[in-house]
Amino acid sequence: MPHPELLLRARFEAALARAFGAEYQHTDPLLRRSDRADFQVNVAMSLGKALRRPPREVAQALLAELDLSDLCVEGGIEVAGPGFINLTLRNDVLSEALSELLADTALGVPKAVTPDVCVIDYGSPNIAKEMHVGHLRSSILGDTLARVLAFRGHRVVAQNHVGDWGTPFGMLIEHLVDVRQEGRAADLDPSELGDFYRAARVKFDTDPGFADRARTRVVQLQAGDAATLALWQQFVNSSKRYMAAVFERLGVGLVDADVRGESFFNAKLGELADELQARGIAVLDDGALCVFPPGFSGREAEPLPLIVRKKDGGFGYGATDLAALRFRHEVLGGTRLLYVVGATQQQHLAMVFAVANMAGWLEPPVRAEHVSFGSVLGDDRKMLKSRSGENIRLIELLDEAVERAHAAVLEKNPDLSEDERRRVARQVGIGAVKYADLSCDRIKDYVFDWRRMVAFEGNTGPYLQYAHARIHSIFRKAGDQQAGGAIRVLAPAERALALELLAFGRAVSEVEVTLEPHKLCGYLYGLATSFSSFFEACPVLKAPPEERASRLLLCELSARTLRTGLNLLGIDAPERM
RNA sequence: GCACCCGUAGCUCAGCUGGAUAGAGCAUCGGACUACGAAUCCGAGGGUCGGAGGUUCGAAUCCUCCCGGGUGCGCCA
């Protein structure tokens with residue numbers, strides 16, 4: 001049996017055509033969950049206007065064309081208020097639908113009809129710079145979207161567009177040369193890279209002679225000087241190891257093979273600039289090669305350029321981003337190009353997309369989307385800048401989260417072995433950090449708050465993990481008694497849980513479309529609270545045999561849905577904690 | 001100056017793309033453990049949805065204008 005929601009939708013669409021004519025066949029019946037019934041249909045009100053008939057009459061006319069007795073309880077179809085159609089499903093319909101879910105490894109998440117090749121840009125941490133909390137958002141968001149899209153049947157190609165090229169490397173390389181000449185060990189230990197960068201930065205800002213050498217070094221780097229490249233490569237290698245360690249600790253699926261930094265596109269930039277100029281898309285302006293996409297203006301209302309090639313012949317990130325976009329479509333075969341990049345880049349990305357459009361690199365079905373997200377703010381509500389301020393290091397943040405989780409697990413469940421406790425602490429701590437970030441609307445600024453991250457109550461990762469662990473506790477107690485049988489939904493708490501379980505597919509699909517993982521978080525939280533209420537109201541193991549078997553199946557479905565949902569968020573679901 | 005984003009309970013946030021009395025969690029107050037795990041559950045109080053207009057049966061949601069906060073706006077990436 002198909003999903004009840006799909007059945008209802010199909011019935012109403014057909015009824016619309018029968019009642020009002022074939023042109024209404026594809027009218028959205030506006031089927032929604034309701035707090036007054038299981039579902040409500042709101043199409044009568046919107047249609048009343050077009051048909052110039054009272055909405056309640058429209059609703060009645062619709063219902064006259066429908067036989068829902070196999071789906072809804074007797075008296076479970078009513079017209080209320082201005083024309084709401086309230087629907088209450090039969091318990092056996094819910095029971096049967098849940099049995100279907102039980103047999104479905106995808107738990108009701110449909111496969112995409114026309115799969116995309118999704119290329120996901122995870123923002124761009126800079127080589128040779130410490131990763132900080134700002135990188136948390138793009139990594140976690142990108143990883144979650146990758147998991148959700150893959151689960152829906154799309155092909156996902158991750159791209160770690162690291163900043164591994166350009167002017168900062170002049171100063172980094174010169175500083176490395178200095179340090180080695182002074183006979184000190186060249187500290188390229190991944191964990192020390194942040195300090196190294198800061199030291200080079202200070203020297204660059206205070207020592208003019210050093211700054212000159214750094215600039216010369218940039219020219220050598222871009223000219224392909226072998227010795228310079230060798231030094232540069234040391235930074236890249238060290239940084240890659242560092243990033244891999246951070247991603248590993250975070251449980252983010254980015255690997256070395258996904259790294260395709262700015263340097264990769266360097267060789268293609270000249271050709272790209274020439275082509276844009278030859279096609280008349282880019283023009284020389286004050287010595288720089290620029291594209292002026294329509295609709296962008298600067299301070300004096302003058303056209304705003306995307307600079308492809310600077311006056312001095314160098315290339316900026318405009319050129320690199322264009323080359324990368326083209327590469328993702330032409331070489332990687334991407335059809336949906338996602339940029340998980342901070343909101344501060346909004347205008348820049350919009351311009352890159354506009355130029356790519358002009359160049360014909362974004363023809364349907366290829367499209368590009370900016371998965372924008374807000375800044376990370378401190379207690380003072382000000383943006384955490386990366387330049388000179390004391391940032392919280394990502395690694396230290398994760399360590400502390402795990403530590404706090406460890407203390408909590410020790411207190412709540414002293415029976416665990418130290419081995420398991422360490423493993424669980426990692427799952428809970430990292431999960432708490434991720435969930436705190438993912439559960440908020442990404443477009444808004446994120447207030448970084450320790451207490452909130454490690455608070456294990458309310459809409460948090462640990463609460464969801466706890467709900468999952470409790471279910472497994474029942475399984476352990478049940479032992480072999482958990483025979484098959486069928487699900488029979490009867491009690492109110494069972495009905496509420498059933499309706500939640502049936503909504504998983506919708507929640508996942510919504511994230512696929514909106515690219516907003518907090519909707520999945522909201523869904524899972526609702527599921528966990530529904531389960532907790534059920535858990536409180538409906539005894540499982542103490543129930544009579546038939547009921548027990550049914551409720552055990554409800555537990556199984558709940559546990560699987562929670563675990564699958566958490567996994568889509570990149571969060572583990574331990575069986576005890 | 002122009003463009004984009006944000007403004008919802010004391011705090012942190014939801015609100016399904018226009019639906020019914022705006023919902024959670026912290027915090028406050030009151031209940032429920034001889035336990036299928038109380039990291040839980042049940043209940044109470046708390047709101048002119050920044051403000052003012054407009055669109056219509058109906059607006060936190062869409063349009064316009066203000067107020068407040070943030071971010072961008074030509075050769076750093």
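All values below were derived from every heavy atom in this structure, side-chain atoms included, with hydrogens, water molecules and symmetry-related copies excluded. To find a chain, count down the sequence lines: A is the first, B the second, and so on, and within it residues start at 1.
- Within the 4.0 angstrom heavy-atom criterion, only backbone atoms of the sugar-phosphate kind lie near A/Tyr525; the bases stay farther away.
- Remark: A/Arg476 is not in phosphate contact with B/G37, judged by side-chain N or O atoms under 4.0 Å from OP1 or OP2.
- Contact check, A/His348 against B/U71: no side-chain N or O comes under 4.0 Å of OP1 or OP2.
- Spacing between atom CG of A/Leu497 and atom P of B/C41 amounts to 14 Å, rounded to whole angstrom units.
- Between the side chain of A/Asn42 and the base of B/G18, no donor-acceptor pair under 3.5 Å is found.
- Atom CG of A/Asp441 and atom C1' of B/G7 are 13 Å apart (whole Å).
- The CH2-P distance, from A/Trp165 to B/C76, rounds to 17 Å in whole Å.
- Judged by distance alone with a 3.5 Å cut-off, no donor-acceptor contact links the side chain of A/Tyr466 to the base of B/A39.
- Here B/U17 is in the syn range [glycosidic angle within 90° of 0].
- Nucleic acid contact class of A/Asn86 (heavy atoms, under 4.0 Å, all strands): base.
- Residue contacts for A/Cys538: at a heavy-atom cut-off of 4.0 Å it reaches a base atom on one of the strands shown.
- The CG atom of A/Leu527 sits 16 Å away from the C1' atom of B/C16 (whole-angstrom rounding).
- For the pair A/Glu510 CD and B/G15 P, the interatomic distance rounds to 9 Å; values are reported in whole Å.
- With centres under 5.5 Å and a plane angle under 30°, the ring of A/Phe84 is stacked against the base of B/A20.
- Using a 4.0 Å heavy-atom cutoff across all strands shown, A/Ser124 reaches no nucleic acid atom at all.
- Within 4.0 Å of A/Arg506, counting heavy atoms only, lie sugar-phosphate atoms of the nucleic acid but no base atom.
- For the side chain to side chain contact (heavy atoms under 4.5 Å, CB included) with A/Leu16, the qualifying choice from A/Asp28, A/Val58, A/Leu47 is A/Leu47, the only one to do so.
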Derivation and outcome, salt bridge (charged side-chain N to carboxylate O under 4.0 Å, His left out), residues A/Asp572 and A/Arg563: CA-CA 7 Å; A/Asp572 290 326; A/Arg563 182 165 51 76; over 6 Å; no
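- Contacts of A/Ala80 with the nucleic acid, taken as non-hydrogen atoms under 4.0 Å apart, include base atoms.
- In terms of polar N and O atoms assigned as donor or acceptor, the side chain of A/Asp164 never comes within less than 3.5 Å of the base of B/A77 in a complementary pairing.
- Side chain A/Asp312 to base B/C75: no donor-acceptor pair is found below 3.5 Å.
- Here A/Ala507 lies out of heavy-atom contact (under 4.0 Å) with every strand.
- Counting any heavy atom pair closer than 4.0 Å across all strands shown, A/Gly316 reaches sugar-phosphate atoms only and no base atom.
- Residues A/Thr561 and A/Leu527 form a side-chain contact, since some pair of their non-hydrogen atoms from C-beta on lies under 4.5 Å apart.
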Full working for salt bridge (charged side-chain N to carboxylate O under 4.0 Å, His left out) between A/Arg33 and A/Glu500: CA-CA 10 Å; A/Arg33 288 280 295 281; A/Glu500 281 297 314; 3.2 Å; yes
Test log, rule ring-ring contact (aromatic ring centres under 6.0 Å, His included), inputs A/Phe315 and A/Phe265: CA-CA 11 Å; A/Phe315 296 101; A/Phe265 299 102; over 10 Å; no
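- Rounded to whole Å, atom C1' of B/C13 lies 14 Å from atom CG of A/Leu438.
- At B/A77, one or more side-chain N or O atoms of A/Lys310 fall inside 4.0 Å of OP1 or OP2 (strictly under the cut-off).
- Residue A/Gln40 places a side-chain atom within donor-acceptor reach of the base of B/A20, judged by atom type and a 3.5 Å distance cut-off alone.
- Of the candidates B/G72, B/C75, B/G19, B/C75 carries the atom nearest the A/Ile307 side chain, counting heavy atoms from C-beta on.
- Side-chain proximity of A/Val447 to B/G74, B/A77, B/C13: nearest is B/C13.
- Between B/C75, B/C5, B/C41, one nucleotide has an atom nearer to the side chain of A/Ile443 than all others, and that is B/C5.
- Comparing B/C41 with B/A35, their C1' atoms sit 13 Å apart, to the nearest whole Å.
- Taking 4.0 angstrom as the limit, A/Ser533 places a side-chain polar atom (N or O) nearer than this to OP1 or OP2 of B/C42.
- In this structure, A/Pro462 reaches neither bases nor backbone, as no heavy-atom distance under 4.0 Å exists between it and the strands shown.
- Listed nucleotides: B/C73, B/U21, B/G70. Nearest to the side chain of A/Arg299: B/C73.
- Atoms CG (A/Leu306) and P (B/G74) sit 12 Å apart, rounded to a whole Å.
- Note on A/Ser473: a side-chain N or O is less than 4.0 Å away from OP1 or OP2 of B/G37.
- Base orientation of B/C33: syn (glycosidic angle within 90° of 0).
- With a 6.0 Å cutoff to the six-membered ring centre and a 45° limit on the axis angle, A/Arg213 does not count as a cation-pi contact of A/Phe210.
- A/Glu300 comes within contact range of no nucleotide atom at all, as no heavy-atom separation falls under 4.0 Å.
- At least one side-chain nitrogen or oxygen of A/Lys444 sits closer than 4.0 Å to the OP1 or OP2 atom of B/G7.
- Nucleotide B/G25 holds its P atom 14 Å from the CG atom of A/Leu464, rounded to whole Å.
- When heavy atoms are screened at a 4.0 angstrom cut-off, A/Arg32 is found touching the sugar-phosphate backbone but no base atom.
- For the C1' atom pair drawn from B/G69 and B/G74, the interatomic distance equals 28 Å after rounding to whole Å.
- When atom types are taken as modelled, the side chain of A/His135 and the backbone of A/His132 share a donor-acceptor pair closer than 3.5 angstrom.
- The residue A/Cys555 sits apart from the nucleic acid: no heavy atom pair falls under 4.0 Å.
- Here A/Lys203 does not pair with A/Glu174 in a salt bridge; the nearest charged N to carboxylate O distance is not below 4.0 Å.
- Among the heavy atoms of the strands, none lies under 4.0 Å from A/Ala343.
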